Amino acid sequence: MSAEQIERILESTTEDGSGAEPHVARNYAPLEVTIARGEGAWVTDVDGRRYLDLLAAYSAVNFGHRHPALVAALTEQLGRVALTSRAFRNDRLEPFAAALAQLCGKDLVLPMNTGAEAVETGIKVARAWGYRVKGVRDGAARIIVANGNFHGRTTTIVGFSDDESARDGFGPFTPGFDVVPYGDAEAIAQAITDDTVAVLVEPIQGEGGVIIPPEGYLRRIREICDERNVLFIADEIQSGLGRVGTTFACDREGVVPDMYLLGKALGGGLLPVSAVVADEDVLGVIRPGEHGSTFGGNPLAAAVGLQAVEMLASGEFQERATALGAHLREGLEALVGHGVTAVRVAGLWAGVDIDPSRGTGREIAERLLERGVLVKDTHGQTIRIAPPIVVRATELDWALEQLRFVLGS
Ligand SMILES: *Cc1c(COP(=O)(O)O)cnc(C)c1O
């Protein structure tokens with residue numbers, strides 16, 4: 001392609017105010033907004049309109065857009081070295097791993113990039129643990145998962161989703177998974193066999209619509225896994241790292257899983273950074289050459305990840321999410337019966353079920369967009385509210401006013 005042709009393409013795309021993306025594969029149906037800048041809890045579109053971001057990139061932007069401490073960590077590291085591969089050590093990975101292991105109260109960290117990769121890694125580790133430690137017959141290992149789950153988009157992961165739009169057309173799928181109802185610990189107990197190596201659940205289901213399991217669910221899973229010699233894997237990729245007012249959603253029940261799967265906010269809203277965190281007796285089963293990633297554990301990601309962990313270690317984001325979450329809950333509960341049929345709130349994270357007479361979740365999201373508020377619908381009638389934790393209470397109040405307005409109540 002000539003420089004002239006490229007220039008013409010750039011001109012036509014930046015001048016096209018329609019926001020169309022004719023060259024982008026249509027695997028998403030984005031709202032009609034084209035973001036050009038972001039700072040804190042706010043983003044600005046190509047026409048200079050400002051929007052309060054109540055999605056925070058599915059909680060990857062928990063610390064806000066371009067948090068100065070994270071940007072400083074990133075730029076400082078950019079001036080040194082960005083990518084080495086794991087063929088050699090880099091001087092950022094061990095400090096990051098040590099800090100993250102300490103935050104989790106675990107021994108070891110296996111760094112990856114995206115959330116789906118952390119889940120895939122967790123599956124491999126659990127299977128290897130099953131064969132090498134538990135003594136499961138080769139090739140027989142099974143993992144119990146919950147219905148309504150969302151663990152990512154790779155072929156193995158969508159294979160144990162029960163969302164038809166995630167699965168349909170993408171088989172055949174990886175065997176070895178058993179799906180049980182979410183929130184029902186006894187269903188897990190009944191599904192366990194001698195071949196079961198792990199239970200993999202989200203402590204709160206994010207994409208499912210902020211589905212909070214009954215109190216005691218996670219504690220009971222912990223007991224069952226201990227009794228039956230099965231690993232408890234908590235996918236905290238969306239629920240973890242401050243969102244619910246604690247470091248992990250498992251903390252709400254005082255439960256420590258055998259394996260944490262982390263991602264999203266671990267990259268500080270700047271880079272894809274994910275990890276599996278577990279003790280030596282679990283993660284230690286992986287031997288050199290059995291698993292890896294060209295980019296996983298790169299110095300740039302590790303520098304940003306370390307900064308994100310340090311910000312969480314202070315507890316200030318968790319406290320803020322708790323306080324703001326209580327405020328958000330109050331505002332949302334007042335809407336129940338007035339265009340909202342139900343709300344589920346955990347920290348600064350809410351699923352809001354829209355009364356169908358007021359429109360679909362998508363329509364509400366479109367009307368909020370017109371009023372300067374960004375949210376994303378999920379499962380038809382639900383909108384999810386998960387602002388950057390740096391948002392102010394007065395900004396939440398303003399967003400709630402806009403929601404009240406678009407609901408017509
Ligand atoms: C987003 C998400 C994933 C997948 O993360 P990606 O970075 O999009 O691959 C996995 N599990 C949960 C709970 C998530 O919310």
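If you read the sequence from its start, that first residue is 1, and numbering goes on from there. Counting convention: from 1, in listed order, for ligands and their atoms alike. Keep in mind that this is a model prediction, so the values were computed, not measured.
At under 3.5 Å, not a single nitrogen or oxygen of Gly152, backbone or side chain, sits near a nitrogen or oxygen of ligand 1. For ligand 1, the polar-atom distance check finds no N/O of Glu202 at less than 3.5 Å from any of the ligand's N/O atoms. The shortest N/O to N/O separation between Gln238 and ligand 1 falls below 3.5 Å. Between Val119 and ligand 1, no pair of N/O atoms sits closer than 3.5 Å.
For atom 1 (C) of ligand 1, the nearest non-hydrogen atom of the protein is Lys264 NZ, 1.5 Å. For atom 4 (C) of ligand 1, the closest non-hydrogen atom of the protein is Ala116 N, 3.7 Å. For atom 11 (N) of ligand 1, the closest heavy atom belonging to the protein is Asp235 OD2, 2.7 Å.
A salt bridge links Arg344 with Asp353: the closest approach of a Lys/Arg side-chain nitrogen to an acidic carboxylate oxygen falls below 4.0 angstrom. Under the 4.0 Å criterion applied to side-chain N and carboxylate O atoms, Arg362 and Glu366 are assigned as salt-bridge partners. A salt bridge links Glu186 and Arg220; the closest N-O separation between the charged side-chain nitrogens and carboxylate oxygens is under 4.0 Å. Here Glu117 does not pair with Arg153 in a salt bridge; the nearest charged N to carboxylate O distance is not below 4.0 Å.
If you look at Tyr58 next to ligand 1, there are no close heavy atoms at all, none under 4.0 Å.
The side-chain heavy atoms of Ser85 and Phe295, taken from C-beta on, include no pair separated by under 4.5 Å. Looking only at side-chain heavy atoms (C-beta outward), Val133 and Asp281 stay at 4.5 Å or farther from each other.
Taking a cut-off of under 4.0 Å to the non-hydrogen atoms of Gly115, the atoms of ligand 1 that pass are 4 (C), 5 (O), 6 (P), 7 (O), 9 (O). Near Ile237, the atoms of ligand 1 lying under 4.0 angstrom from a non-hydrogen atom of the residue are 2 (C), 3 (C), 10 (C), 11 (N), 12 (C), 14 (C). The ligand atoms of ligand 1 that sit less than 4.0 angstrom from a heavy atom of Phe150 are 1 (C), 2 (C), 3 (C), 11 (N), 12 (C), 13 (C), 14 (C).
Aromatic rings of Tyr182 and Tyr217 (six-membered ring for Trp) have centroids within the 6.0 Å cut-off, being under it.
Ring geometry for Phe160 against His151 counts as tilted: the plane angle lies between 30° and 60°, on a 0 to 90° scale.
Counting protein heavy atoms under 4.0 angstrom from atom 8 (O) of ligand 1 gives zero.
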